[in-house]
2 protein chains.
Amino acid sequence: MVDEPPPVIWARLSTQGRGPARTLDHAAITAVAVALADADGVDAVSMRRIAGRMDHSAMALYRHVGSKDDLTELMYDAVLGELDLTGIPSGRWRDDVARLARETRRLHHAHPWIARFGHRPTLGPHARRFSEAGLACVDGLGLDIDGMLDLLSTAMAFTRGFVEQELGEVEAQRRTGLDFAAYQRRTGPFLAKLLDEGEHPYLERLIVEAEDFPDPDVVFERRLEMVLDGLTARIDRATDGTR
Amino acid sequence: MVDEPPPVIWARLSTQGRGPARTLDHAAITAVAVALADADGVDAVSMRRIAGRMDHSAMALYRHVGSKDDLTELMYDAVLGELDLTGIPSGRWRDDVARLARETRRLHHAHPWIARFGHRPTLGPHARRFSEAGLACVDGLGLDIDGMLDLLSTAMAFTRGFVEQELGEVEAQRRTGLDFAAYQRRTGPFLAKLLDEGEHPYLERLIVEAEDFPDPDVVFERRLEMVLDGLTARIDRATDGTR
DNA sequence: TCGGGTCGTTTACGATGTACATTTCTGGAC
DNA sequence: GTCCAGAAATGTACATCGTAAACGACCCGA
């Protein structure tokens, strides 16, 4: 009587039954989609284009992925598989969390489109592997599961936010075809006018006093250390309380 | 000889000159676009739909905004204008930064589409106001401008990342038309199977031990405190060095 | 007064996601 | 060995998208 809820994509990955031998599968489709997104940006990922690369019709894909939304979830999880988690957890939580953060950042740089989807936390195999590894890193520190989640999620939230700001630049560059120099040429006159008006003291200090081309890796490490210090404080507080 | 660089949108906001009296302007267009995005999601924002609401043709908008990309930048800055920055800076940096974080989060909840654009830092008036206020909060703590930027950017990166995770759920709900309960119904059987296999100890602990419906505001505050502790450590280190 | 620039419209093009109907193939039941 | 339910893939079609191009209506400064 009541509609069966359509199962989540991960429970629906098809298997061979009756019918013609399949010439497509979700993994291959996902791989092509990822390659397309990497090469030409997320807007270049269209069902027709994916199908074209695989010498199939667009509609053939729907036999395997359900919808484009499903496909993005598959793409996201596929790419999580590239995370290198060997040797995690090591027993040194701070090193581990830092490594997870660096790996996450590296992944976003390799696939700048990752953050462009709004997802529920996916239940894909690689996402699960990541969660398990992450929580293992912050286990045994005297925190309950909510506390552990606080540590991990805070570090990851910082990382996501940092990376997103970084990638705003990169993505805009690709989208508009304007590199940073061209952007500065475009921006320059307006910026000069703003500074002339003298209403933006901090903007002025940023231009005059700030380091000109800071190494983004160094900046990331420096700020990550701050966040990790915050986590340390939390752990200390929890352990003091029970000591 | 060489092409003039087309000026940045903020330098191009048109003023009345020769020609028919204008019946449109960028502010009105932006307002309608924001309203549309709020009501029906960012995918509902199309030039035709905006124009329709204003009883104009789609192409009329292009007299005022140049491109849809420009429009998103206008939308973003417009919405930044809703930030309440009264009384900032107060002289208590920690309170101020916390308030900026809360305000930012509030803004993202009011306009869940904000993070879906990848932007360069915009030069719009409200973005400038926000930067100035933010940096003012962390001035006078004995840090140079790069250090100040570290404090502010770290707190904001955390906030963005946190909010984005929160909103993944909300946006997916709107996009798919499935509320959380329906999602759980869909997910449930698969999740049960996973737990049965016993390969996901932490996933299991999350379900069994973690607080069931944590208040997101409380979680945010708790994690924000951790980040602010990290900033404090950084400030202390800087001041110790010079003392 | 009138020419040139501004505002808005109309028409058009090549995309997009995907619903629907159709054809082509095959594994398992008899 | 035969046959057919059902799966795989295709082709066609529709509504919608961003925006280029050509055009007429308007109005200010010369």
Side-chain angles (χ1 to χ4, degrees), chain A residues 6-7 9 12-30 32-33 36-37 40-75 113 116-117 172 174-177, chain B residues 6-7 9 12-30 32-33 36-37 40-75 113 116-117 172 174-177:
Chain A
I9 174 87
R12 201 154 29 86
L13 300 180
S14 40
T15 55
Q16 184 62 316
R18 255 199 289 275
R22 32 179 62 192
T23 56
L24 282 172
D25 67 274
H26 72 271
I29 294 170
T30 306
V32 171
L36 258 173
D40 303 325
V42 72
D43 293 333
V45 179
S46 79
M47 300 309 258
R48 279 180 241 265
R49 202 133 38 196
I50 298 169
R53 291 231 179 163
M54 310 185 83
D55 291 315
H56 279 270
S57 76
M59 292 315 289
L61 308 183
Y62 283 88
R63 195 56 62 176
H64 305 272
V65 297
S67 72
K68 200 180 180 188
D69 253 35
D70 271 0
L71 180 56
T72 64
E73 195 164 334
L74 289 169
M75 288 171 71
W113 42 268
R116 292 273 74 77
F117 309 128
R174 213 196 27 63
R175 223 180 33 240
T176 62
Chain B
I9 173 89
R12 201 155 28 86
L13 300 180
S14 40
T15 53
Q16 182 66 318
R18 257 194 292 273
R22 30 179 64 189
T23 56
L24 283 172
D25 66 273
H26 74 271
I29 294 170
T30 305
V32 171
L36 258 173
D40 304 325
V42 71
D43 293 334
V45 179
S46 78
M47 300 308 261
R48 279 179 240 264
R49 204 133 36 198
I50 298 169
R53 292 232 178 161
M54 311 186 81
D55 291 314
H56 279 271
S57 74
M59 292 312 291
L61 308 183
Y62 284 88
R63 269 303 146 189
H64 304 272
V65 297
S67 73
K68 200 180 181 188
D69 253 35
D70 272 0
L71 179 56
T72 64
E73 196 165 333
L74 289 169
M75 289 170 71
W113 43 268
R116 291 273 75 76
F117 309 128
R174 212 197 26 66
R175 222 179 31 241
T176 63

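Since the model is a prediction, treat every value here as computed from it, not as a measurement. Every chain is numbered from 1 and lettered A, B, ... according to where its sequence line falls, protein lines coming before strand lines.
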Euclidean distance, atom CG of residue A:L61 to atom P of D:dG11 [Å, nearest integer]: 13 Å
A:R53 side chain to A:V32 backbone, donor-acceptor under 3.5 Å: no
Separation between OG1 of B:T30 and CD of B:E73, rounded to the nearest 0.5 Å: 11.0 Å
Rounded distance in Å - CD1 (B:I50) to C1' (C:dG8): 16 Å
Between D:dA7 (C1') and A:L24 (CG): distance, integer Å: 13 Å
Shortest non-hydrogen separation from B:A33 to B:V45 and the atoms involved: O-CG2, 3.7 Å
Whole-Å distance separating the CE atom of A:M54 from the C1' atom of D:dA9: 13 Å
B:H64 side-chain N/O to C:dG8 phosphate OP1/OP2 under 4.0 Å: yes
If you restrict it to nitrogen or oxygen atoms, what contacts under 3.5 Å exist between nucleotides 12-18 of chain D and the protein, and what is each distance?
from, atom 1, to, atom 2, distance (Å)
D:dC17, OP1, B:S46, OG, 2.8
D:dC17, OP1, B:R49, NH2, 3.1
D:dG18, OP1, B:K68, NZ, 2.7
D:dG18, OP2, B:M47, N, 2.9
D:dG18, N7, B:R48, NH2, 2.6
D:dG18, O6, B:R48, NH2, 2.7

Spacing of CG belonging to B:L36 relative to CG belonging to B:D43, to within rounding of 0.5 Å: 12.0 Å
Inter-residue atom distance B:L24.CG - B:Y62.OH, 0.5 Å rounding: 13.5 Å
Atom pair NE2 (B:H64) and CZ (B:R22), whose distance is rounded to the nearest 0.5 Å: 5.5 Å
Nearest-0.5 Å distance that lies between atom CE in A:M47 and atom OG in A:S67: 7.5 Å
CG-CD1 distance between A:L71 and A:I50, expressed to the nearest 0.5 angstrom: 5.0 Å
Separation of D:dA20 C1' from B:R63 CZ (nearest whole Å): 13 Å
Grab the N/O contacts between the protein and nucleotides 24-30 of chain D below 3.5 Å, and write none if there aren't any.
from, atom 1, to, atom 2, distance (Å)
D:dC27, O4', B:G19, O, 3.2

